[in-house]
Amino acid sequence: LPISERLQRRIIDGDKNNIVADLHDALESGIPALEIINEYLLSGMKVVGELFGAGQMQLPFVLSSAEAMKRAISYLEPYLEKGQANKKGRIVLATVKGDVHDIGKNLVDIIFSNNGYEVHNLGIKVSISEMIAKAIEIKADAIGMSGLLVKSTLIMRENLEELNSRELSSIPVILGGAALTRTYVEQDLRKIYQGRLFYGKDAFEGLDVMNKLAE
Ligand code: B1M
């Protein structure tokens, strides 16, 4: 199999042991680390999501795929291009309450950190109170929330309402994660939130938002 398909397979099979050798080969053959993530690994994860959604893959196997993905990203992290080293701004980042999905959020952390932002990654299942406390403590320039469950989109709405009623009522917020749509964020949720609200389709769109905020 060509390396692209091999890598996709390793993710689908949840093969975290053999994926490293393939990643090494891919890097050796000159494919940039970011391209490996965006083109090959994420396409494998997409298939996993489709199989799981169709009832053709059981949860423990999805977990193995997630582990292979995490192993791959941590292997590739040193090879990702680094932008400006000086700190352009600070962001509090978290997966919202009730949601354990963190691969996308951690990718956002890596991409932002590599591009000059100080990221305070609070982990998964994080309440809005924790995010607010951290944002006040570090004088954050933005709060980034990630969520993959449909339920999480409702939590995000509640979080925005909570922010409205607190000291940080106008802090910029970036929302991302597979359950969201641009329309939901930029039309429905924007009507609710007093501060500036942005949608990040992927980590790089999130980065664009941070860069605009930092201007
Ligand atoms: Co779950 N899961 N899962 N899961 N899982 C989904 C999300 C699902 C769509 C699968 C499906 O049914 N097809 C489905 C949700 C359905 C729904 O709500 N309608 C689902 C479900 C149902 C569940 C459980 C409820 C299953 C169960 O227990 N019966 C359970 C939930 C537990 C909970 O959260 N309370 C569950 C559990 C798990 C695992 C633990 C096994 C594992 C997660 C492991 C982990 O993260 N540590 C897992 C996985 C791996 C998935 C899928 C297959 C892949 C997710 C992923 O990592 N994608 C997923 C299917 C799918 O998404 N299509 C699925 C790769 C990742 C890089 O993408 O996170 O979207 P993503 O990030 C992207 C962008 O969204 C964006 O940038 C990234 C790309 O650059 N982005 C941001 C994300 N956050 C951002 C923030 C930003 C900006 C951009 O700014 C702040």
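Every number for a ligand or one of its atoms is a count from 1 in the order of the listing. Note that the numbering runs from 1 along the sequence shown for the chain.
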Among all protein heavy atoms, pick out the one at the shortest distance from [atom]; state its residue, atom name and that distance to 0.1 Å.
| atom | result |
| --- | --- |
| atom 11 (C) of ligand 1 | Phe52 CD2, 3.6 Å |
| atom 88 (C) of ligand 1 | Gly200 O, 3.7 Å |
| atom 15 (C) of ligand 1 | Leu149 CD2, 3.7 Å |
| atom 60 (C) of ligand 1 | Gly49 CA, 3.6 Å |
| atom 43 (C) of ligand 1 | His101 CD2, 3.6 Å |
| atom 44 (C) of ligand 1 | Ala66 CB, 3.6 Å |
| atom 67 (C) of ligand 1 | Leu42 CD2, 3.4 Å |

### Task
Mind checking whether Ile111 contacts ligand 1 via backbone (N, CA, C, O), side chain (CB onward), both or neither, at a 4.0 Å heavy-atom cut-off?
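It is neither part, as no heavy atom is under 4.0 Å.
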### Task
Quick one: look at Met145 and ligand 1, take heavy-atom pairs under 4.0 Å, and tell me if it's side chain, backbone, both or neither.
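The answer is the backbone of Met145.
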#### Entry: Gap between atom CG of Asn211 and atom CG of Asn115 - 0.5 Å precision
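Here the interatomic distance stands at 7.0 Å.
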### Query
Hey, is atom 8 (C) of ligand 1 touched by any protein heavy atom at less than 4.0 Å?
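Flag for atom 8 (C) of ligand 1 set to false, no protein heavy atom closer than 4.0 Å.
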### Query
Do protein heavy atoms approach atom 24 (C) of ligand 1 to less than 4.0 Å?
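Answer no: nothing from the protein, no heavy atom, is under 4.0 Å.
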### Task
Could you pull out, from Val96, Leu175, Leu63, the option with a heavy atom nearest to atom 40 (C) of ligand 1?
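Ranked by closest heavy atom to atom 40 (C) of ligand 1, first place is Leu63.
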Using a 4.0 Å cut-off to any heavy atom of [X], which atoms of ligand 1 qualify?
| X | value |
| --- | --- |
| Asp202 | 76 (C), 77 (O), 79 (C), 80 (O), 89 (C) |
| Val150 | 17 (C), 18 (O), 19 (N) |
| Leu148 | 7 (C), 55 (C), 62 (O), 69 (O), 70 (O) |
| Leu59 | 26 (C), 27 (C), 28 (O), 41 (C) |
| Ala178 | 62 (O), 70 (O), 75 (O) |
| Gly144 | 91 (C) |
| Gly104 | 66 (C), 67 (C), 69 (O), 71 (P), 72 (O) |
| Ile174 | 90 (O), 91 (C) |

